[in-house]
J.: 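To start, I am sharing the structure in question, which I have written as structure tokens.
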Amino acid sequence: MTAKRSYILGECTPSRIEEPVDAVAVAAVLASAAADRKAVVAFGGGTLQTIGSAPSRYDIALSLRKLDRVIDYDHRDLTIGLDAGVTIDTVNRTLAKAGQFIPFDAPQPSLATVGGTLAAGWTGPRSAAYGRLRDVLIGSTAALPDGTLASAGGMVVKNVTGYDMSKLYVGSLGTLGILVRANFKALPRAPNRRLALAPLPDDARERAIAAIAHLTIEPTAALVVDGFFRAVPRVRDEDARLIVLFEGSAAVIERATRDLRSALGAAGVAETALFDDAAAEKTLQNVIDAYIEPVGDRSVTYRSHGLASNAWARAGASLALARDHGLACDTIADIRSGVAIARVAGRTHAALSEWLTEFDANIRRVIPQSTVLAGDVRLRARVDAWGAPPSTIETMRALKARFDPTSMLAPGRYVGGI
Amino acid sequence: MAPTFGPRLLEALGPDIVRTEPEDLAAYAYDGYDESGTPSAAVIPRDVRETAAAIRIAHECGEPVVPRGAGTGLCGGAVPHGGGLVISFARMNRLLALDVRNRRARVQPGLINLDLSRQIAAHGIFYAPDPSSQKISTIGGNVGTNAGGPHCLSYGTTTNHILGIEYVDTLGNIHRTSLDEGGYDLTGLLVGSEGTLGVVTEVDVRLMKLPEAVRVCVAAFGDVESASEAVSAIIGAGIVPIALEIMDKLITEAVEAHYHAGYPAGAGAVLLVEIAGAHDDMDATEALLARIARDHGALSWRAARDVAECEALWASRKGAAGAIGRIAPNYYIQDACVPRTKLPQVVAQIERIARDHRLPVGNVFHAGDGNLHPLLIFDRRDRRQAQAVVDAGTEILETCIAMGGTISGEHGIGYEKRESLSLVFSTDDLAAMGRVRNVFDPMLRFNPDKIFPTGAICGEVTRAPSAA
């Protein structure tokens with residue numbers, strides 16, 4: 001039963017767990033589940049299963065963890081073919097040996113898998129610099145509800161051969177098909193990295209953020225973190241801190257640091273701590289882990305995508321709203337990619353529970369594109385994970401109906417109840 | 001054609017927008033591919049409303065719809081083989097909104113690729129995808145074929161630079177997609193769908209900051225294989241310049257005769273390398289590249305002296321296909337992509353295939369991406385040569401597939417390669433794509449006879465309502 005417990009979604013426990021060992025076996029599970037009218041939810045590491053609504057039906061948890069091979073990797077091609085169940089840590093390690101990387105930037109990389117991270121549509125803090133995962137995904141194979149395996153793209157970096165089906169599965173939360181294989185374009189890893197951490201007093205915030213946007217050497221990540229003290233310690237008693245990552249040659253990083261310090265100094269930021277290489281990576285990973293980290297059973301985390309220029313305003317608006325309701329709020333504003341994270345927490349589960357409905361209505365009024373990213377399972381069940389569906393929802397429903405006519409894949413988990 | 005089709009279009013949109021006379025329609029019968037087909041009517045709408053109205057009438061009359069940018073496509077994607085309506089976006093060619101801070105712009109599909117970068121250059125930003133046709137090809141057309149270009153080595157292809165799309169569906173309804181919204185990535189599906197899923201009427205593009213420093217270098221090699229080896233070694237060493245292009249002797253000589261850009265004379269192959277980034281890195285990166293090139297047999301290496309020389313080198317590279325017009329009555333340019341380590345082998349195979357078919361071949365290609373463009377030279381009037389070109393083209397594609405590659409890197413499948421699609425994809429693969437097609441265009445009216453092999457997908461059995 002312990003095994004089943006880790007596959008609980010909302011109030012639903014699956015009646016069985018399937019752990020197929022290869023792509024053909026995954027397709028066979030889907031074919032037999034379709035015949036038996038069973039509903040299937042795919043699982044990688046389960047780290048991002050807090051995204052989406054609880055399934056309306058849920059019989060089989062389909063774990064991809066046994067599909068864990070690096071299938072095709074010649075570092076000279078700068079491409080890599082991976083089973084969907086390979087962990088992000090494994091990919092990172094494999095690529096790092098040849099001085100390469102893929103900008104997954106996912107939380108809990110020792111558990112998170114390639115397929116799960118793709119299906120969740122994860123967008124990490126370096127996506128503005130290196131592309132979203134959809135941008136480096138060059139091919140895929142998915143198992144479909146009719147028991148077939150459908151491939152698209154390939155192992156080449158430029159391809160207009162048929163529809164770009166791979167993008168359809170990214171961010172689809174396994175509602176159209178189950179990714180069994182993913183091919184990526186790998187990128188050369190910069191020889192050095194430096195993370196700058198600076199306190200961000202209220203009166204310097206706007207100028208400092210503007211200064212970052214005008215740096216000649218662009219940071220590969222730039223985040224304003226307010227709260228989240230476990231991930232990023234307070235600097236000079238300030239709640240808000242600026243995190244800026246530079247990657248490149250030693251010469252470029254030195255110059256970038258000088259430019260940054262001078263720009264921040266002019267904006268009224270007095271001090272900048274620097275972390276190099278492994279320390280820089282660790283600090284960044286701490287922040288990425290914080291995106292989905294709950295506060296016990298008393299928090300819900302919202303995420304919104306949008307313009308980089310207003311990510312900070314969205315985070316600020318969430319913070320103000322939370323205070324109006326007597327709730328605590330930690331925020332991350334990705335001022336390069338435009339992602340904003342707001343984790344609201346009550347003193348107790350009951351305290352958040354009391355205000356959640358009202359807060360949820362308000363945050364969606366102010367930031368309509370807000371979706372729920374993480375948090376306590378019972379609290380998440382009380383709010384709509386997605387908010388108002390996009391204007392193209394009817395086309396999306398038609399795609400779902402065509403790919404999964406009996407709605408056996410993660411039914412009810414997706415946008416608009418798909 | 002439904003007899004009411006032309007009159008209904010004229011009634012709804014007027015003679016300034018609608019063309020129905022054969023002499024006018026001839027202009028919409030061709031693109032860069034060999035075959036042609038005359039439409040029943042053409043419209044040149046000024047906005048999405050007129051576009052949607054025309055599509056609605058085409059739907060009601062049961063006429064196919066073929067969108068058209070500049071008509072530079074090489075695979076027949078813009079040719080109305082089955083007649084029907086051609087929609088030209090020549091009048092929808094404006095930059096609608098520019099957001100410098102967030103580096104994005106909203107443009108109409110008929111905006112010429114290079115015009116976009118020119119209009120925004122003063123802000124220190126540019127639109128990265130740069131197909132060789134960028135002086136005339138349009139953003140909408142580029143979206144249709146997911147166009148590449150020399151600089152997608154580092155910057156990615158069109159799909160990596162499209163943030164959202166407004167499109168008209170087969171019934172004439174208008175939709176807008178955005179990467180910032182939740183739900184399936186319809187934007188990603190529409191890019192590269194060659195006008196078979198929707199007619200694109202607005203595009204939100206991502207813009208990039210112009211690099212602080214740029215350097216263009218040229219190396220001469222004894223032959224294409226050694227230049228390709230050098231490219232593989234550069235990529236393998238983890239250096240991704242912003243462009244890595246190879247031209248063989250035939251192409252280089254044609255280009256020099258035409259443009260006089262200063263490519264080394266007499267070289268068996270020329271490697272064009274562009275690096276960009278911070279000033280601080282330029283010398284070290286160039287030195288490393290030059291060393292790798294020399295290790296792989298480079299006979300010479302030099303950097304362009306100034307901006308004018310950089311531009312001349314690029315202009316002639318991008319005009320390579322045109323320059324071939326000086327030396328050949330006809331040419332056929334193939335487009336295929338292989339894993340980068342396979343380049344030297346594939347290049348050798350292509351030369352063998354051309355030799356077997358007694359055809360001169362020129363190679364000009366985006367080597368860093370493994371994207372090949374062998375250019376077969378022939379005389380259409382000679383039946384043996386005309387057939388040999390078709391046979392050699394097919395053999396080249398088969399060779400690329402056998403090496404783990406694919407049949408189009410950036411030109412698209414269009415009409416030309418649709419039967420070859422089943423060489424790359426299984427019936428199940430194609431069935432999944434067919435489902436997408438059926439969702440967006442159940443009657444198969446949007447650019448029919450493109451992408452999919454004959455009989456690979458079926459339209460819905462429902463009939464269109466008959467025209468009133």
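Below, chains carry the letters A, B, ... as their sequence lines are ordered, and counting in each starts from 1.
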J.: Given the options B:Ile239, B:Thr157, B:Val191, B:Leu179, which has more heavy-atom pairs under 4.5 Å with chain A than any of the others?
T.: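 Among B:Ile239, B:Thr157, B:Val191, B:Leu179, the one with the most close pairs to chain A is B:Leu179.
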J.: Any pair with a residue in residues 163-179 of chain A that passes salt bridge (charged side-chain N to carboxylate O under 4.0 Å, His left out), sequence neighbours left out, goes on the list, sorted by first then second residue, please.
T.: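 Sorted pair list: A:Asp164-A:Lys167.
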J.: With a 4.5 Å cut-off on heavy-atom pairs, point out which of A:Lys158, A:His305, A:Arg76 contacts chain B the most.
T.: A:Lys158
J.: Could you tell me which portion of A:Leu187 (side chain, backbone, both or neither) has an atom closer than 4.5 angstrom to a non-hydrogen atom of chain B?
T.: neither
J.: Decide, yes or no, whether a salt bridge links B:Arg340 with A:Asp77 under the criterion of side-chain N to carboxylate O below 4.0 Å.
T.: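 No, this pair does not count.
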J.: Name the region of A:Leu307, side chain, backbone, both or neither, that has any atom closer than 4.5 Å to a heavy atom of chain B.
T.: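 Both backbone and side chain.
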J.: Nearest 0.5 angstrom please: B:Ser178 OG to A:Gln369 CD, how far?
T.: 9.0 Å
J.: Flag the one option from A:Val136, A:Thr216, A:Ile217 with the top tally of heavy-atom pairs under 4.5 Å to chain B.
T.: A:Thr216
J.: So, taking the atom named CG in A:Asp74 and the one named OG in B:Ser232, what distance separates them when rounded to the nearest 0.5 Å?
T.: 9.5 Å
J.: So what's closer than 4.5 Å to chain A heavy atoms on B:Ile407: side chain, backbone, both or neither?
T.: both
J.: So for B:Glu410, is it side chain, backbone, both, or neither that comes closer than 4.5 Å to the heavy atoms of chain A?
T.: both
J.: Between A:Val160 and chain B, with a heavy-atom cut-off of 4.5 Å, which part of the residue counts as in contact: side chain, backbone, both or neither?
T.: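 Looking at A:Val160, backbone and side chain both touch chain B.
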J.: If you count heavy-atom pairs under 4.5 Å between each of B:Ala233, B:Gly192, B:Gly412, B:Gly405 and chain A, which one has the most?
T.: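 Of the options given, most contacts go to B:Gly412.
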J.: Quick one: CZ on B:Phe452 to OH on A:Tyr163, what's the gap to the nearest 0.5 Å?
T.: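 Those atoms lie 4.0 Å apart.
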J.: Can you see which heavy atom on A:Gly162 is nearest to which on B:Ile413, and at what distance?
T.: N-CG1, 3.9 Å
J.: Name the region of A:Tyr414, side chain, backbone, both or neither, that has any atom closer than 4.5 Å to a heavy atom of chain B.
T.: side chain
J.: Measuring heavy-atom distances to chain A, does B:His411 have an atom under 4.5 Å in its side chain, in its backbone, in both, or in neither?
T.: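 When you check distances to chain A, only backbone atoms of B:His411 fall under 4.5 Å.
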J.: I'd like to know whether A:Met165 forms a side chain to side chain contact (heavy atoms under 4.5 Å, CB included) with B:Val436, so could you lay out the CA-CA distance, the side-chain angles of the two residues, the decisive distance to 0.1 Å, and finally the verdict.
T.: CA-CA 9 Å; A:Met165 301 294 288; B:Val436 171; 3.7 Å; yes
J.: So which residue, A:Gly131, A:Ala152, A:Gly416, A:Gly154, ends up with the most heavy-atom pairs under 4.5 Å with chain B?
T.: A:Ala152
J.: So which residue, B:Asn102, B:Thr285, B:Val240, B:Asp280, ends up with the most heavy-atom pairs under 4.5 Å with chain A?
T.: B:Asn102
J.: Counting heavy-atom pairs under 4.5 Å to chain B, which of A:Leu176, A:Val339, A:Thr79, A:Ile393 comes out on top?
T.: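 Max contact count across the listed options: A:Leu176.
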J.: Among side-chain atoms of B:Thr406 and A:Thr161, is any donor-acceptor pair under 3.5 angstrom?
T.: yes
J.: Indicate yes or no: at least one non-hydrogen side-chain atom of B:Leu186 is less than 4.5 angstrom from one of A:Met396.
T.: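 With C-beta onward as the side chain, the pair touches.
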J.: When rounded to the nearest 0.5 angstrom, what distance separates CD in B:Glu181 from OG1 in A:Thr371?
T.: 12.0 Å
J.: Go through the atoms of B:Asp99 and report whether side chain, backbone, both or neither lie under 4.5 Å from a heavy atom of chain A.
T.: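 Side chain only.
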J.: Is a salt bridge present between B:Arg435 and A:Asp146, judged by a nitrogen-to-oxygen distance below 4.0 Å?
T.: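 A salt bridge links B:Arg435 with A:Asp146.
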J.: Give, as side chain, backbone, both or neither, the part of B:Asp428 having an atom under 4.5 angstrom from any heavy atom of chain A.
T.: both
J.: Given that the side chain runs from C-beta out, which part of B:Lys209 has a heavy atom under 4.5 Å from chain A: side chain, backbone, both or neither?
T.: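 Contact with chain A involves the side chain of B:Lys209 alone.
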J.: Under a 4.5 Å cut-off applied to non-hydrogen side-chain atoms, are B:Pro339 and A:Val156 in contact?
T.: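 When only atoms from C-beta onward are counted, A:Val156 and B:Pro339 do touch, with a gap below 4.5 Å.
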J.: Is it true that atom CD of A:Glu206 has more than 12 heavy atoms of other residues, nucleotides or ligands lying nearer than 6.0 Å?
T.: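 Result for CD/A:Glu206: open.
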J.: Might you point out which heavy atoms bring B:Ala432 and A:Ala150 nearest each other, and give the distance in Å?
T.: CB-CB, 3.7 Å
J.: In terms of heavy-atom pairs under 4.5 Å with chain B, which of A:Ile418, A:Thr395, A:Val415 leads?
T.: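 The residue among A:Ile418, A:Thr395, A:Val415 with the greatest pair count is A:Thr395.
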J.: Is it the side chain or the backbone of B:Arg418 that comes within 4.5 Å of chain A heavy atoms, both, or neither?
T.: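 Looking at B:Arg418, nothing touches chain A.
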J.: Quick one: which of B:Ile235, B:Ile451, B:Asp369, B:Asn146 has the most heavy-atom pairs under 4.5 Å with chain A, could you say?
T.: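 It is B:Asp369.
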J.: Sort A:Arg336 into side chain, backbone, both or neither according to what part of it lies under 4.5 angstrom from a heavy atom of chain B.
T.: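 Contact with chain B is through the side chain of A:Arg336 alone.
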J.: Looking at B:Gly188, B:Ala147, B:Ala284, B:Ser426, which has the largest count of heavy-atom pairs under 4.5 Å with chain A?
T.: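 Going by pairs under 4.5 Å, I would pick B:Gly188.
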J.: Where does A:Ala210 contact chain B at under 4.5 Å (heavy atoms): side chain, backbone, both or neither?
T.: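 No part of it gets close to chain B.
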J.: Check the pair A:Thr175, B:Tyr184 against side-chain hydrogen bond (donor to acceptor under 3.5 Å, both in side chains), reporting the backbone distance first and the verdict last.
T.: CA-CA 10 Å; A:Thr175 55; B:Tyr184 302 133; 2.7 Å; yes
J.: Does the pair B:Arg103/A:Glu218 count as a salt bridge with the N-to-O cut at 4.0 Å?
T.: yes
J.: What's the separation between atom CG in B:Asp429 and atom CG in A:Leu149, rounded to the nearest 0.5 Å?
T.: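 Atom-to-atom, B:Asp429:CG and A:Leu149:CG are 9.0 Å apart.
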J.: Step by step, work out the side-chain hydrogen bond (donor to acceptor under 3.5 Å, both in side chains) result for A:Thr392 and B:Thr177.
T.: CA-CA 7 Å; A:Thr392 47; B:Thr177 71; over 6 Å; no
J.: Of the listed residues (A:Ala213, A:Ala142, A:Ser391), which shares the most heavy-atom pairs with chain B below a 4.5 Å separation?
T.: A:Ala213
J.: Relative to chain A, which segment of B:Tyr155 carries a heavy atom at a distance below 4.5 Å: side chain, backbone, both, or neither?
T.: neither
J.: Compare all side-chain heavy atoms of B:Thr159 with those of A:Arg134 and state whether any distance is below 4.5 angstrom.
T.: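 Yes, at least one pair of side-chain atoms sits under 4.5 Å.
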J.: Kindly indicate, with the supporting measurements, whether the criterion side chain to side chain contact (heavy atoms under 4.5 Å, CB included) is fulfilled by A:Leu168 and B:Asp185.
T.: CA-CA 6 Å; A:Leu168 191 52; B:Asp185 186 353; over 6 Å; no
